[in-house]
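This report concerns only the one structure given below.
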Amino acid sequence: MIDQKMKELIPDVSPYTRASTLNIGNSPSWKKAQHALKETNGITVSVSEIEFMNAKAIRDKRGIGCEPASVATVVGLKKLVDEKKIDKGDTALCILTGNILKDTDALKEYHSEDNMAAIY
């Protein structure tokens, strides 16, 4: 997560998330993201693996396939509304990119019997 006031990014030498696109421990564009946050008075929020994989499963079931990293935006928006940091009446856009079949290993793991037992 990028803070508007950060002066330097402390790299994560071995990041891991099922959202493979987010496995960047030393993002070369973090300053651009920080600048965008400042210019728009933006905020960020963290989401967990299970939160975005559950959201992905719901969207996939409804025929709105996307990659795990992009569905994290939907989860983040919901969290910010729930936390009353964004008003329910505000307009927001979440861009869902990637193919439903991106990160198929994450899908297999999520829908495995062991994982399903843990979720339910």
Side-chain angles (χ1 to χ4, degrees):
M1 183 166 36
I2 297 173
D3 184 313
Q4 288 184 13
K5 297 176 183 132
M6 281 175 60
K7 299 233 187 278
E8 141 182 12
L9 177 70
I10 301 167
D12 184 338
V13 293
S14 57
Y16 175 76
T17 174
R18 287 183 186 113
S20 65
T21 309
L22 300 178
N23 282 325
I24 303 171
N26 192 7
S27 174
S29 58
W30 78 271
K31 284 189 178 186
K32 289 179 184 177
Q34 182 185 46
H35 179 73
L37 283 171
K38 284 181 184 177
E39 290 295 309
T40 62
N41 198 27
I43 54 176
T44 62
V45 66
S46 295
V47 299
S48 71
E49 301 276 318
I50 196 66
E51 287 173 317
F52 69 72
M53 289 305 293
N54 285 343
K56 176 167 174 35
I58 292 166
R59 268 126 199 103
D60 290 351
K61 185 176 178 180
R62 294 184 177 148
I64 306 170
C66 64
E67 64 177 310
S70 66
V71 81
T73 62
V74 176
V75 177
L77 177 60
K78 183 180 181 323
K79 271 187 146 177
L80 292 170
V81 170
D82 291 347
E83 294 172 1
K84 298 185 181 355
K85 293 181 180 176
I86 295 178
D87 188 79
K88 286 183 179 185
D90 289 345
T91 301
L93 172 69
C94 295
I95 300 172
L96 302 179
T97 60
N99 186 290
I100 191 171
L101 297 176
K102 184 167 184 186
D103 291 329
T104 54
D105 289 342
L107 292 175
K108 287 178 202 170
E109 181 183 330
Y110 178 84
H111 291 288
S112 73
E113 287 184 30
D114 291 340
N115 193 47
M116 294 306 283
I119 293 170
Y120 298 103

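- The salt bridge (charged side-chain N to carboxylate O under 4.0 Å, His left out) contacts involving residues 85-97 comprise E83-K85, where partners must be two or more places apart or lie in separate chains.
- Cluster partners of Y16, using a side-chain heavy-atom cutoff of under 4.5 Å among ILVMFWY residues and allowing indirect links: none.
- Here S70 pairs with C66, E67, L96, T97 under the side-chain contact (heavy atoms from CB on, under 4.5 Å) rule; sequence neighbours left out.
- Annotation: side-chain hydrogen bond (donor to acceptor under 3.5 Å, both in side chains) contacts of D82 (sequence neighbours excluded): K78.
- In terms of the side-chain contact (heavy atoms from CB on, under 4.5 Å) criterion, residue partners of A55 (sequence neighbours excluded) are, by chain and number, R59, V71, V75.
- Considering CD1 of I24 and CG of D12, their distance stands at 12.0 Å, rounded to 0.5 Å.
- The distance from atom CD1 of I86 to atom NZ of K84, rounded to the nearest 0.5 Å, is 13.0 Å.
- Cluster partners of I95 are L93, counting Ile, Leu, Val, Met, Phe, Trp and Tyr whose side-chain heavy atoms approach within less than 4.5 Å, directly or via other members.
- Under the rule for a side-chain contact (heavy atoms from CB on, under 4.5 Å), the partners of A57 that lie at least two apart in sequence or sit in another chain are Y110, H111.
- Residues A72 and F52 approach most closely at CA-CB, 4.0 Å, considering heavy atoms.
- Residue I43 is grouped with residue L77 when hydrophobic side chains (ILVMFWY) are merged at heavy-atom distances under 4.5 angstrom, including chains of intermediate members.
- The stretch residues 45-58 participates, sequence neighbours left out, in these salt bridge (charged side-chain N to carboxylate O under 4.0 Å, His left out) pairs: R18-E49, E51-K79, K56-D60.
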